[in-house]
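Note on naming: letters A, B, ... go to the chains in the order of the sequence lines (proteins, then strands), and numbering restarts at 1 for each one.
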Amino acid sequence: MNTHILPLSQDLFDLDLTLSCGQIFGWKKTGDMWSGVHKGSIVSLIQNDEGIVYSGISESALFRFLGLHDDMKKIHSSIEEHISAYRNGPDNFFSTQYELSKRLRILRQDPWECLVSFICSANSNVRTIGKRINLILDRHGTSCGKGKCKFPDPCVLASCSEQELRDCLAGYRAPYLIKTAKYISTHPDFLPSIAEMSYLDAKRALMVLSGVGPKVADCVLLFAFERLEAVPIDIRIRSIIEHQYAPIIKFQKTGRYSYDDLSLFCQEYFGPYAGYAQQFLFATRDF
DNA sequence: CGCCAGGAACCTC
DNA sequence: GAGGTTCATGGC
């Protein structure tokens with residue numbers, strides 16, 4: 001396999017962090033090499049001092065997949081400006097977290113695989129989700145050779161039995177997966193049409209799917225549809241907001257903050273790249 | 001053992 | 001609509 005190199009400073013990008021921070025689950029690291037399947041071909045990635053050594057993918061496709069076209073200087077200054085305008089002062093907490101995770105990028109994943117991944121994410125941790133997705137991949141994907149599989153198409157999952165998916169550790173999420181797979185396989189235009197919608201319309205549309213609530217919809221919009229304004233609120237982000245930002249939240253709450261309260265707060269507080277800000281906060285932990 | 005995890009469906013009121 | 005309950009499972 002031909003290998004190429006994409007020159008890139010390690011100061012600007014962290015492949016390990018990007019692939020292990022809970023955005024994507026089907027990639028594996030052996031030694032210093034990451035491998036996965038992208039658009040049906042086996043891709044290998046190694047980051048070293050020179051940049052990214054890659055094979056199985058074109059430079060332009062790699063650029064897009066890794067989000068390397070994102071202007072991080074612009075994104076960071078936009079986030080800082082919105083923070084500063086909202087609170088009329090610096091946010092030392094965010095700045096500290098940002099320094100730890102600023103070299104991650106938001107991936108541009110396959111929407112179907114991303115959708116399945118986050119339906120599987122409900123009420124479990126990143127490591128368990130990875131196991132689950134890799135079982136689905138290995139048992140129901142189509143072989144690409146070298147022991148690697150392409151993620152199963154919607155029609156393949158649609159024809160799985162509930163027990164087969166439970167055997168992949170899907171648990172009570174198994175029927176959600178089958179219902180959604182049936183819908184997507186019989187409505188092939190559904191996911192492509194999401195890309196054409198406004199953020200709110202797209203979120204509403206995704207939430208029609210079984211197993212997809214506001215959190216899963218936001219993850220899919222952020223990680224697969226490059227809606228960088230989407231802010232998934234998981235238990236960790238909720239905790240951060242309630243501890244760090246509750247005193248400055250400008251709108252009134254009744255009782256506990258709702259999902260939309262917190263997601264909307266982040267969009268106001270961090271601005272149009274709030275999804276990136278959210279991921280910088282989320283990624284500063286051990287996975 | 002008990003508690004938690006990138007939640008959503010379902011039921012009550 | 002808001003609030004509680006249930007749903008599996010691995011990891012610690």
May I ask you to check whether [X] and [Y] place their ring centers less than 6.0 Å from one another?
| X | Y | result |
| --- | --- | --- |
| A:F65 | A:W27 | yes |
| A:F25 | A:F118 | yes |
| A:F63 | A:H69 | no |
| A:Y257 | A:F265 | no |
| A:Y269 | A:H82 | no |

Listed pairs, N/O of protein and of nucleotides 4-6 of chain B, under 3.5 Å:
| residue | atom | partner | partner atom | Å |
| --- | --- | --- | --- | --- |
| B:dA5 | O3' | A:S124 | O | 3.4 |
| B:dA5 | N7 | A:N123 | OD1 | 3.3 |
| B:dG6 | OP1 | A:V126 | N | 2.6 |
| B:dG6 | OP2 | A:R285 | NH1 | 2.3 |
| B:dG6 | OP2 | A:R285 | NH2 | 3.4 |
| B:dG6 | O4' | A:D234 | OD2 | 3.4 |
| B:dG6 | N7 | A:G22 | O | 2.5 |
| B:dG6 | O6 | A:Q279 | OE1 | 2.7 |
| B:dG6 | O6 | A:Q279 | NE2 | 2.8 |
| B:dG6 | N1 | A:Q278 | OE1 | 2.8 |
| B:dG6 | N1 | A:Q279 | OE1 | 3.2 |
| B:dG6 | N2 | A:D234 | OD1 | 3.4 |
| B:dG6 | N2 | A:Q278 | OE1 | 2.2 |

Pairwise P distance for B:dG6 and C:dT5, with rounding to whole Å: 24 Å

Pairwise P distance for C:dA8 and B:dC11, with rounding to whole Å: 15 Å

Distance-minimising heavy-atom pair for A:L221 and A:A202: CD2-CB, 3.8 Å

Pairwise distance CD(A:Q109) to CZ(A:F225) - rounded to 0.5 angstrom: 11.0 Å

Touch class at under 4.0 angstrom, heavy-atom based, for A:L209 against every strand present: sugar-phosphate

Nucleic acid contacts - residues 154-187 of chain A versus DNA chain B, non-hydrogen atoms under 4.0 Å: A:Y172, A:Y176

Min side-chain heavy-atom separation A:Y86-A:K250 under 4.5 Å: yes

Integer-rounded Å distance: C:dG1 P and A:D260 CG: 13 Å

Separation of atom CD1 in A:I136 from atom P in C:dT9, rounded to whole Å: 13 Å

